[in-house]
Number of protein chains: 2
Amino acid sequence: MAKETKPAKAGAPMSSSHRAHAQLREQLLRSKFLPGQKINEVEIATSLEISRTPLREALNRLVAEGLLVDRGRGFSVPGLEPEMVFDLFEARVEIECATVRLACERAEETELEGLSDFLKESMAESPDASVDRLIELDIRFHDTIAELARNKVLRQTLSNLNDRIHLIRWIAMEGRRERTQSQHREILDHIRARDTAAAIAAMREHILHRNEDILEAIKAAYGHVYTRSSA
Amino acid sequence: MAKETKPAKAGAPMSSSHRAHAQLREQLLRSKFLPGQKINEVEIATSLEISRTPLREALNRLVAEGLLVDRGRGFSVPGLEPEMVFDLFEARVEIECATVRLACERAEETELEGLSDFLKESMAESPDASVDRLIELDIRFHDTIAELARNKVLRQTLSNLNDRIHLIRWIAMEGRRERTQSQHREILDHIRARDTAAAIAAMREHILHRNEDILEAIKAAYGHVYTRSSA
DNA sequence: AAACGCGACAGTGCATACACATTGGAATAC
DNA sequence: GTATTCCAATGTGTATGCACTGTCGCGTTT
């Protein structure tokens with residue numbers, strides 16, 4: 001399950017701009033660039049060993065995805081403006097709830113069993129897994145639900161929103177390991193019981209939704225990012 | 001001397017790639033290109049009187065927005081695959097309902113009054129307005145609700161979804177003029193009464209949601225588009 | 001006549017070059 | 001010492017050229 005959404009050949013030699021897009025997305029998720037930082041095209045082009053032309057094509061895609069912003073002259077990493085982060089989390093809640101509802105209607109028993117097995121395995125390795133690994137598992141759980149909702153647009157939208165709040169989720173994951181796991185279990189159980197209302201309620205509770213909590217995560221994110229950069 | 005801030009927003013002299021993006025989006029919404037059609041870069045670059053470099057940057061943004069697709073070698077207009085259109089409408093329903101709910105909680109009385117006035121004016125000019133004009137009014141109504149929901153991400157997402165189903169909406173608008181208007185009125189009245197459940201229900205009913213209806217609109221769209229192209 | 005081959009063409013993907021804007025700093029004036 | 005002006009350096013936005021690849025037409029072969 002949770003196959004990647006690339007129907008193209010696996011190790012096929014993709015174009016430079018596609019590779020650049022994928023690599024930059026990865027680096028942005030990993031906070032290689034700081035919020036608000038300006039993007040130096042020649043520097044990145046050099047580091048990726050390509051020219052500026054395909055690089056700029058990738059940058060333009062990232063802008064359309066909200067992973068970069070276009071400031072008339074040059075690109076930069078979006079800042080962590082609280083209002084925007086609030087909006088992103090709120091939008092995520094709405095879409096996650098929609099996918100949960102649809103998954104309740106459409107998921108097959110065997111698929112839910114598979115997801116249950118996945119959760120069991122996740123819980124086994126959870127205690128001593130890295131935060132990166134935990135996030136990976138978390139994303140996989142939510143993406144699988146979106147897959148079971150049978151709506152590619154919602155799934156894609158959700159994936160994009162998650163990209164844009166990756167850092168904050170990363171920060172907030174610390175100290176919520178067991179809580180996250182048990183909530184996942186609860187959500188899944190409600191889906192398996194086809195209790196749509198309960199599943200939605202659990203999902204709504206599961207996602208960071210209190211603005212104070214989000215704000216705290218934002219502050220922690222700043223701390224994390226700057227100590228890391230100065231280290 | 002301290003100069004005032006630059007006109008970064010309005011009709012400022014935007015870059016070629018930005019202009020190209022705006023113009024192409026417009027042309028795509030107006031179905032200047034047929035579903036599935038391949039994009040010839042030199043031809044379009046010539047027609048827009050720019051070179052291929054900024055054009056390709058615009059094309060890449062449009063791909064990220066789902067208004068074009070990237071087929072390994074070259075770009076093309078997305079086809080009207082029913083599954084994708086179903087997904088788009090379904091996603092739209094979910095997000096519209098989310099914005100209606102939020103608008104119910106957050107909109108101020110004066111704002112709702114303004115929207116009511118807008119509807120009244122729309123109804124006045126409705127009987128003999130062009131379909132283009134009707135769509136414009138329709139979009140404005142829904143976008144205003146999204147604005148009242150106070151969530152830029154949801155609003156932006158909605159705008160993008162609406163772009164992607166613009167043709168189908170255009171087709172389906174014919175013969176639904178009064179129905180659309182009265183449903184808008186109904187939705188707004190529920191919002192003003194802060195009756196969230198009723199507002200959501202009305203919105204859900206308002207948006208094209210039966211797959212048979214959508215399929216019919218798709219067929220009509222093909223007819224529309226091909227007769228128009230051969231004319 | 002059909003199949004094959006091949007050469008010219010069309011069209012994309014990328015690198016490079018250039019024009020222009022912005023910025024930082026040094027030199028100079030006050 | 002501060003302010004100002006000018007120039008160099010930096011960096012973006014766009015045009016152009018080139019290489020490569022897929023395609024189509026036409027002639028050759030059997």
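Quantities reported herein were computed from a predicted structural model and do not represent experimental measurements. Every chain is numbered from 1, with letters handed out A, B, ... down the list of sequences. Only this structure's heavy atoms are used, side chains among them; waters, hydrogens and symmetry mates stay out.
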**Student:** Decide if atom CZ of A:R106 counts as having more than 12 heavy atoms of other residues, nucleotides or ligands within a radius under 6.0 Å.
**Tutor:**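 Yes, because the 6.0 Å sphere around CZ of A:R106 holds more than 12 heavy atoms from other groups.
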
**Student:** Is it true that A:H21 and B:N60 share a donor-acceptor pair across their side chains at a distance under 3.5 Å?
**Tutor:**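 Not at all, the side chains of B:N60 and A:H21 share no donor-acceptor pair under 3.5 Å.
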
**Student:** If the cut-off is 4.0 Å, is B:R73 near the phosphate of C:dG13, judged by side-chain N/O to OP1 or OP2?
**Tutor:**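 For B:R73, the contact criterion (side-chain N or O under 4.0 Å from OP1 or OP2 of C:dG13) is not met.
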
**Student:** Quick one, which residues of residues 38-57 of chain A touch DNA chain D with a heavy atom under 4.0 Å?
**Tutor:**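 Here the set is A:I39, A:N40, A:E41, A:R52, A:R56.
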
**Student:** Given D:dG13, is OP1 or OP2 found less than 4.0 Å from the side-chain N or O atoms of B:S15?
**Tutor:**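 B:S15 to D:dG13 OP1/OP2: no side-chain N or O under 4.0 Å.
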
**Student:** Starting at CG of A:L59 and ending at C1' of D:dG13, how long is that distance when rounded to a whole Å?
**Tutor:**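 Rounded to whole Å, this separation is 13 Å.
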
**Student:** Counting only heavy atoms not in B:E216, do more than 12 fall under 6.0 Å of its CD?
**Tutor:**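 Open: at most 12 neighbouring heavy atoms sit under 6.0 Å from CD of B:E216.
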
**Student:** Going by salt bridge (charged side-chain N to carboxylate O under 4.0 Å, His left out), name the residues that satisfy it together with B:R164, two or more places apart in sequence or in a different chain.
**Tutor:**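 Partners of B:R164 under the salt bridge (charged side-chain N to carboxylate O under 4.0 Å, His left out) test: none.
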
**Student:** Under a 4.5 Å cut-off applied to non-hydrogen side-chain atoms, are A:L68 and A:S76 in contact?
**Tutor:**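 A:L68 does not reach A:S76 side chain to side chain.
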
